[in-house]
Amino acid sequence: MTDQIARIRITLNDIDPAIWRRIELPLTNSLKTLHLAIQAVMLFENYHLFRFDVGEASYGIRFDDD
């Protein structure tokens, strides 16, 4: 069986010129692993809040932005 790979483009908002990275991760990775990959490629130090929204569901650290 071949592992499926997701190719993801990550772009920081409100920055000119645009700062972006493209990463590839196996689809079997967790959202926690995706979070850690984003931290690594953007040279963040894992101190940002994060949340992944999928439809009506949210995953990650709960914070109010509405």
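Fair warning: this is a prediction, and the values are worked out from it, not measured in the lab. Note that these values count all heavy atoms, side chains included, but never hydrogens, waters or copies made by symmetry.
To the nearest 0.5 Å, the span separating CG on N29 from CD1 on I5 amounts to 8.5 Å. Interatomic distance, CZ of R9 versus CZ of R22, reported as 6.5 Å (0.5 Å rounding). Atom OG1 of T11 is separated from atom CE of M42 by 8.0 Å, given to the nearest 0.5 angstrom. The structure places CH2 of W20 at 10.5 Å from CD1 of I10, a figure rounded to the nearest 0.5 Å.
Across F44 and I38, no two heavy atoms sit closer than the pair CD1-O, 4.5 Å. Closest approach of V41 to R21, counting heavy atoms only: O-NE, 3.2 Å.
F52 and L36 are not part of a single hydrophobic cluster, where members link through side-chain heavy atoms under 4.5 Å apart.
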As a quick check of understanding, evaluate side chain to side chain contact (heavy atoms under 4.5 Å, CB included) for I23 and L34, giving each step before the final call. CA-CA 10 Å; I23 62 172; L34 173 59; 4.2 Å; yes
